[in-house]
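First the structure, in the form of structure tokens, and then the observations on it.
Order of appearance sets the numbers: ligands from 1, and atoms from 1 within every ligand. Quick caveat, the model's predicted, so the values are computed rather than measured.
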Amino acid sequence: MKKFINKPEDVERQVVDGYVKAYPDLIAKAADDIVVRARRKQGKVALVSGGGMGHEPAHLGYVGVGMLDAAVGGAIYTSPAEDRVKAAVDAVALGNTGVLLVVKNYTGDVVNFKMAAEEAAEEGVAVDYVVVDDDVAVEDSSFTVGRRGVAGTIFVHKCAGAAAEAGAPLPEVKRVAEKVIANVRTMGVAIEPCTVPAAGKPGFTLADDEMEMGVGIHGEPGVRRAAMEPVDAMVDEMLEKILGDLDFAAARVAVMVNGAGGTPPYELAIVSNRVHDVLSERGIAVARTYMGPFMTSLEMRGFSVTLLRLDDELEKLLAAPARAVAWTEGEVGAADAALDAAAEAPAAAAEKSVPAAGTKSTSVPAASEEDPAAARVTAALLAVAEAMDAHKDELTELDMPIGDSDHGINMARGFDAVRDQLPGLAGADAPTIMRKAAMTVISKVGGSSGPLYGTLMRKMGVAVKRAGGLTLESFTQGLRDGLQGIEDLAGGAPGDKTMIDAMVPAIASLDEALAAGTPAADALAAAAEAAAEGAEATIPLVARKGRASYLGERSRGHKDPGATSFAYCMAAVAACARS
Ligand code: ADP
Ligand code: MG
């Protein structure tokens with residue numbers, strides 16, 4: 001891997017710092033992972049977006065006048081955790097009339113942003129969210145999570161941002177955002193992959209003469225791998241799909257020719273040339289074209305084409321003044337300065353009010369020194385952390401063909417943080433340790449598996465507490481409640497090719513053992529075995545949830561990373577029970 005970076009673990013922070021230092025008149029840091037407008041404007045609806053980093057200038061480049069009020073960035077290609085999204089909401093909620101979250105349609109993002117919105121709403125913030133799903137490469141189906149959100153998201157930032165800037169109330173800003181979502185369509189292609197710095201290996205490989213048609217913005221496989229063609233033929237195929245998906249007849253459109261990070265401007269111009277010719281042949285009028293890197297995928301050699309069907313309202317909102325790092329439209333200077341002067345709050349104030357990542361859990365209630373349940377839970381968490389370290393590369397590799405190459409990295413990062421946290425929890429009782437560890441998992445694992453594993457662990461803590469102790473029975477009840485929690489949160493079911501497929505047989509095995517009175521150590525060993533078999537059994541399944549679902553039939557033949565990590569967790573717990 002050759003990259004212009006320092007240490008992989010420093011990438012995200014140095015990217016944010018680099019942008020903020022370059023444009024201090026436009027953006028400021030509210031925390032290491034949260035960027036806000038340098039001059040806050042209050043008394044309006046605040047727009048917040050974000051997601052995993054690696055898509056720069058999205059999203060921090062769209063923080064500014066007439067677009068976003070805050071952007072929150074997770075690790076490269078990994079959704080920010082719920083508490084970080086909430087911190088971004090907190091950074092802009094005060095003094096504003098509401099907050100709208102713009103979320104791209106990935107399970108991790110949807111779950112974390114939704115949980116943050118619910119928490120903010122409980123605290124009295126007027127908050128709502130929209131989910132962008134513009135990628136036509138992925139077939140829509142009521143059985144899957146739907147389409148991915150890609151470059152069309154920037155048009156949502158622009159139009160909803162203009163409405164918010166003009167003083168529209170929250171339901172109105174949301175209506176505009178949803179109108180854009182209903183009228184925007186995108187498709188992408190790649191000829192060279194991208195490498196997540198922490199993974200060190202590309203998420204997919206292509207032969208010299210191959211292209212990946214319909215590729216996602218995390219290097220997720222697309223609809224078809226085929227021999228290279230002249231770019232005009234690629235554009236034709238992409239437009240065919242886009243124009244076949246929505247009625248663009250006699251429409252006026254905005255066009256975005258988006259570079260994926262490794263595509264030079266001259267190639268984007270050749271794409272633009274063909275896009276304009278085809279649209280003109282079809283009688284579709286182009287109102288404006290945006291060409292450049294707007295939503296990248298690290299250094300991927302690829303591009304996407306987005307069409308936004310306009311009406312008078314959207315065309316006006318698109319043309320409204322804006323000033324952000326990566327988007328300038330019209331003159332915002334004088335008028336904006338006048339507006340800002342009334343309610344200007346230095347971003348530094350926001351910085352003070354936002355907790356930094358990982359500063360949430362501190363106080364530990366004291367409990368008895370010699371609590372065997374607490375000791376068992378601590379040992380089990382250490383064993384799980386060790387297992388995640390040991391299987392990190394394998395889990396990440398399983399996430400390559402059907403995901404975004406980060407599952408092992410996510411799990412190891414999260415459970416390493418749990419291991420670091422354990423000494424500070426000495427003296428706490430078992431349910432408390434589980435609850436605190438669950439919070440760390442939610443905030444440090446990130447992605448979709450963070451909130452799902454975190455929910456599982458939280459429910460297990462509650463079950464143990466309710467039962468008044470850690471027994472095979474309360475452990476099993478915790479797994480059952482956790483499974484329910486995961487299904488409630490992310491809508492999955494058995495057979496969807498997720499961690500659920502390893503959990504269900506493990507729980508069934510434990511139920512049998514309980515009925516038969518099998519000793520705990522044997523019961524856990526059998527459950528670990530059942531989980532491993534459940535994970536194996538995901539291989540022939542077609543994914544219906546999570547990133548892998550975007551692949552449809554192509555997800556068949558691969559083992560689900562989350563089911564595999566669950567099986568390793570169970571094996572670690574079982575080994576602990578033996579010793
Ligand atoms: P991300 O998909 O955000 O990159 P990870 O790679 O860490 O997150 O985790 C992927 C795993 O999460 C999948 O292999 C799957 O087991 C699990 N997962 C994804 N979506 C769901 C869901 N809706 N229900 C249950 N598990 C899910
Ligand atoms: Mg992943």
Fill in the blank from the handout: The option among Asn410, Leu452, Ile500, Asp501 carrying the non-hydrogen atom nearest to atom 27 (C) of ligand 1 is Leu452

Handout entry: Donor-acceptor side-chain pairing of Thr78 and Asp406 below 3.5 angstrom
Key = yes

Practice task
Kindly indicate, with the supporting measurements, whether the criterion side-chain contact (heavy atoms from CB on, under 4.5 Å) is fulfilled by Phe155 and Asp134.
Solution key: CA-CA 11 Å; Phe155 283 139; Asp134 54 317; over 6 Å; no

Practice task
Can you pull out the closest protein heavy atom to atom 9 (O) of ligand 1? Residue, atom name and distance to 0.1 Å, please.
Solution key: His407 ND1, 3.2 Å

Exercise for the section: Determine, stepwise, if the pair Val35 / Val16 fulfils side-chain contact (heavy atoms from CB on, under 4.5 Å). Expected result: CA-CA 8 Å; Val35 166; Val16 171; 3.8 Å; yes

Exercise for the section: With heavy atoms of Asp404 as the reference, note each atom of ligand 1 found under 4.0 Å away. Expected result: 4 (O)

Problem - salt_bridge(Asp389, Arg419) N-O dist < 4.0 Å - result: yes

Exercise for the section: Would you check if there is a donor-acceptor pair between the side chains of Lys104 and His59 at a distance under 3.5 Å? Expected result: yes

Practice task
Scan Asn410, Thr107, Asn112 and name whichever one has a side chain to side chain donor-acceptor pair (under 3.5 Å) with Ser79.
Solution key: Asn112

Completion exercise
Looking only at protein heavy atoms, what sits closest to atom 20 (N) of ligand 1 is Gly546 CA, 3.5 Å

Exercise for the section: Please work out whether the ring planes of His157 and Tyr62 are parallel, tilted or perpendicular, with thresholds of 30° and 60°. Expected result: tilted

Completion exercise
Nearest non-hydrogen protein atom to atom 16 (O) of ligand 1, with distance, is Asp560 OD2, 2.6 Å

Exercise for the section: May I ask you to decide whether Asp416 forms a salt bridge with Lys392, counting only side-chain N to carboxylate O separations under 4.0 Å? Expected result: no

Handout entry: contact_flag Gly491 ligand 1 heavy-atom lt 4.0 Å
Key = no

Exercise for the section: For atom 22 (C) of ligand 1, grab the closest protein heavy atom and report residue, atom and distance to one decimal in Å. Expected result: Ala490 CB, 3.7 Å

Exercise for the section: Please confirm whether Gly447 comes within less than 3.5 Å of ligand 1 when only nitrogen or oxygen atoms on both sides are compared. Expected result: no

Exercise for the section: State, yes or no, whether a side-chain contact exists between Glu299 and Lys2 at a heavy-atom distance under 4.5 Å. Expected result: no

Practice task
For the Mg ion (ligand 2), find the closest N/O/S atom on Asp406 and give its atom name.
Solution key: OD1

Handout entry: N-O pairing of Asp135 and Arg148 below 4.0 Å
Key = yes

Handout entry: Residue Gly562 vicinity, atoms of ligand 1 by number, heavy atom under 4.0 Å
Key = 13 (C), 14 (O), 16 (O)

Problem - Polar atom proximity, Asp406 to ligand 1 (N or O, under 3.5 Å) - result: yes

Problem - Any N/O pair Ser448/ligand 1 closer than 3.5 Å - result: yes

Fill in the blank from the handout: Nearest non-hydrogen protein atom to atom 17 (C) of ligand 1, with distance, is Met499 CE, 3.8 Å

Exercise for the section: Mind checking whether Thr498 contacts ligand 1 via backbone (N, CA, C, O), side chain (CB onward), both or neither, at a 4.0 Å heavy-atom cut-off? Expected result: both

Exercise for the section: Report, in ascending order of atom number, the atoms of ligand 1 lying under 4.0 Å from any heavy atom of Asp399. Expected result: 6 (O)

Exercise for the section: Please could you name the atoms of ligand 1 that Pro561 approaches to less than 4.0 Å, counting only its heavy atoms? Expected result: 14 (O)

Problem - Angular separation of Asp399 OD2 and Asp404 OD1 about the Mg ion (ligand 2), given to 10° - result: 90°

Practice task
For residues Val111 and Ala490, report the shortest heavy-atom separation together with the two atoms involved.
Solution key: CG2-CB, 4.3 Å

Handout entry: Ion pair Arg554/Glu212, N-O distance below 4.0 Å
Key = yes

Problem - For atom 7 (O) of ligand 1, the protein heavy atom that lies nearest, with its residue and separation - result: Ser449 OG, 2.5 Å

Handout entry: Lys497 N/O under 3.5 Å from ligand 1 N/O
Key = no

